[in-house]
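Report on the following structure.
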2 protein chains.
Amino acid sequence: MASVSLRDVAARANVSFQTVSKVLNGKGAVTPATRQRIIEAAEEIGYIPNALARSLQSRSSLTLGVITVDFSNSTPALSLVGIEREARQHGLSVILSSLEPDGSDCVRYLRVLMERRVDGIIMNAPATEEDEEVGRLLRTGPPAVSLHDIAGGGVPTVTVESEGSAALPVRHLLALGHRRIATVTGLQQRHSAQQRTAVYREVLTELGLYDPLLVEDGAWEVEGGYAATHRLLDRAPDITAIYVQNDLMAVGVLNALHERGRSVPDDCSVVGCDDHPVAARTIPPLTTVRMPFFDAGAAAVRLLLDRIASRSASAEDVLPVSMVYRASTASPPAG
Amino acid sequence: MASVSLRDVAARANVSFQTVSKVLNGKGAVTPATRQRIIEAAEEIGYIPNALARSLQSRSSLTLGVITVDFSNSTPALSLVGIEREARQHGLSVILSSLEPDGSDCVRYLRVLMERRVDGIIMNAPATEEDEEVGRLLRTGPPAVSLHDIAGGGVPTVTVESEGSAALPVRHLLALGHRRIATVTGLQQRHSAQQRTAVYREVLTELGLYDPLLVEDGAWEVEGGYAATHRLLDRAPDITAIYVQNDLMAVGVLNALHERGRSVPDDCSVVGCDDHPVAARTIPPLTTVRMPFFDAGAAAVRLLLDRIASRSASAEDVLPVSMVYRASTASPPAG
DNA sequence: CTGTTAGCGCTTTCAA
DNA sequence: TTGAAAGCGCTAACAG
């Protein structure tokens with residue numbers, strides 16, 4: 001772990017360090033002989049360029065900063081994988097910062113990224129959607145793209161269509177003949193969950209089928225889905241279908257229904273959301289909405305690169321979702 | 001996004017830029033008056049220090065490089081979360097690089113990390129366990145800690161006990177009275193899967209119960225577990241228990257058993273591994289081995305920091321695992 | 001207390 | 001074709 005610099009290579013090859021720079025960057029014209037000598041010298045003493053110094057000079061760090069919600073869950077993890085892969089393919093490194101659940105440390109990490117002179121920032125931290133200070137920094141700092149709303153707008157977003165992610169499953173259940181359709185929601189502080197719940201309400205209200213008693217919070221987690229279902233069943237035993245706002249909660253929902261002796265889909269249908277890998281093999285396999293989170297991450301990076309290249313205008317890219325039909329939905333029981 | 005430097009602040013405060021440096025870093029003694037003036041000036045023109053320049057000078061980037069296998073799956077994601085959180089708590093940024101499935105790009109990314117002068121490297125890329133070149137770089141480059149074996153050794157590791165992760169579940173099944181115990185394995189190229197399979201074989205061989213026909217590969221994935229179970233059942237309908245090397249595959253295993261009309265645990269017991277969140281609510285809830293992957297990531301960072309501080313000797317930290325008993329295991333059917 | 005002198009390792013004109 | 005000069009933004013000695 002020596003500190004071999006251009007100068008060391010230069011000394012060994014009997015040239016100036018500027019010439020070494022040219023050779024190692026393939027710039028300028030150099031005699032094949034010296035070029036060869038330089039390359040060998042670099043090789044021999046194990047020269048490794050210093051990206052810090054290079055960035056200082058070139059005013060470009062070839063780095064993207066990513067600020068993300070905790071990615072223990074597969075949804076944000078998928079977006080992160082998409083971001084990382086796309087960045088890598090463009091030769092960019094990724095500096096990763098994940099936040100506390102309340103997003104209170106976001107401003108601090110934005111600052112760290114700015115100090116490190118990242119070329120751009122990708123946000124995936126729904127907990128900060130209402131944070132004005134975050135919005136301000138994102139508008140005035142380096143180019144940024146977000147996977148969710150930013151307070152005050154002005155930041156391009158790439159999102160997964162949330163209207164469809166609620167409308168599709170609810171309509172599917174309606175088409176099957178269900179009338180008592182409950183929903184297990186994600187954290188209602190999040191815009192995406194609010195929107196899904198709103199669409200659920202609108203669609204059912206239009207048909208005179210909306211009942212606030214059929215809405216329960218599952219907080220995005222397996223146990224939340226489990227507990228919410230027991231509460232729903234206690235309160236409204238006549239429900240024949242449940243729209244669950246993510247697949248993880250749906251696992252808990254299926255378990256609770258099983259415990260209560262309700263067969264799925266014969267006694268009660270269940271639709272999830274995400275198309276998590278386990279959804280294909282729950283018992284029964286889960287009808288769900290496929291959400292292109294991976295693609296959203298990759299698309300965000302591409303959009304960010306466009307912005308970096310040409311300070312182009314704001315954009316709002318919305319990726320479409322689609323239904324995946326499996327065995328957890330059917331017509332309601334006769335009677 | 002201007003490029004405000006120390007000089008700009010200095011000009012505005014009518015001092016030399018070196019004095020500004022002192023003030024902003026809380027070093028040296030400065031008159032409260034000028035200090036105040038400098039701080040205000042910095043504030044007014046929105047000065048943001050340049051970490052690149054600082055690192056160039058201080059020869060420390062306050063950055064950790066992480067090289068990880070694709071973390072779409074929750075196991076590596078958990079370790080990554082642990083790494084990131086621990087690093088953050090120590091004021092270090094994390095540069096994230098994920099690899100192709102075969103790990104062929106590892107050497108390239110190691111080099112990128114070295115060019116960026118990271119202060120240390122955390123490896124979580126089992127695909128490179130046999131790669132001699134990776135081992136060499138890790139031994140000669142910046143301090144490194146790995147979550148798996150490194151070819152040639154010499155790199156401290158923090159691992160999750162793999163012997164116990166196989167011995168515990170198999171012994172549990174034996175204690176329940178099972179004699180025909182199958183296993184669905186992870187990718188056999190990985191040391192961790194090889195070790196689990198070896199322990200499974202040893203424990204059963206000792207009792208004269210080992211049968212190579214009862215071993216099937218599930219490749220770590222839901223569908224792999226599903227398909228492996230069907231193959232097992234076709235070949236050896238008399239099995240009464242399955243040790244599945246991760247919970248994701250176990251979801252597929254439960255589904256396949258359900259399809260074949262085998263009730264769990266009455267007709268067949270199932271033990272998983274990982275204690276993935278869904279394991280608590282599969283049908284039936286899964287008996288499994290809790291693997292402290294999050295802790296392993298965090299511990300690796302702490303070990304790395306020790307090494308950075310004091311080039312201390314190699315170490316091999318092994319974190320213990322523990323059984324989580326749920327409803328998927330019972331005594332074999334009578335008869 | 002404050003400013004000057006010296007680099008950290010690199011890229012980029014511009015002369016020779 | 002090569003090298004010298006200049007500077008990216010910063011920190012660290014040391015002198016004033």
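Labels below follow one simple rule: chain letters A, B, ... track the order of the sequence lines, proteins then strands, and each chain is numbered from 1. This structure is a prediction, so every number in the text was calculated from the model and none was measured.
Among the protein residues, A:Ser55 comes within range of no part of the nucleic acid, since none of its heavy atoms lies under 4.0 Å from any strand.
Atom NZ in A:Lys27 sits roughly 17 Å away from atom C1' in D:dT1 (whole-Å rounding). For the pair A:Ile38 CD1 and D:dT2 C1', the computed distance is 10 Å after rounding to whole Å. Distance CD (B:Glu115) to P (C:dT11): 11 Å, rounded to an integer number of Å. If you measure from atom CD of A:Gln18 to atom P of C:dA16, you get 16 Å, rounded to the nearest angstrom. Distance, B:Leu52 CG to C:dC10 C1': 12 Å, rounded to whole Å. Summarising the geometry, the separation between CG on B:Leu56 and P on D:dC8 is reported as 14 Å, rounded to the nearest angstrom. The nearest whole Å value for the distance from the CG atom in B:Asn14 to the C1' atom in C:dC1 is 16 Å. Here the C1' atom of nucleotide C:dC10 and the CZ atom of B:Arg116 are 15 Å apart, to the nearest Å.
Closest-nucleotide positions on DNA chain D for A:Phe17 and A:Thr31 were compared, and the one nearer the 5' end corresponds to A:Thr31. Taking the nucleotide of DNA chain C with the nearest heavy atom to each of B:Arg37 and B:Gln57, the more 5' of the two is matched to B:Arg37.
For B:Glu86 and B:His90, the side-chain atoms include at least one donor-acceptor pair closer than 3.5 Å. One side chain, B:Ser98 or A:Arg88, offers a donor N or O that lies under 3.5 Å from an acceptor on the other.
Residues B:Arg136 and B:Glu133 are paired through a salt bridge, judged by an N-O separation under 4.0 Å between the basic side chain and the carboxylate.
In this structure the side chain of B:Tyr47 reaches within 4.5 angstrom of the side chain of B:Leu24, judged on heavy atoms.
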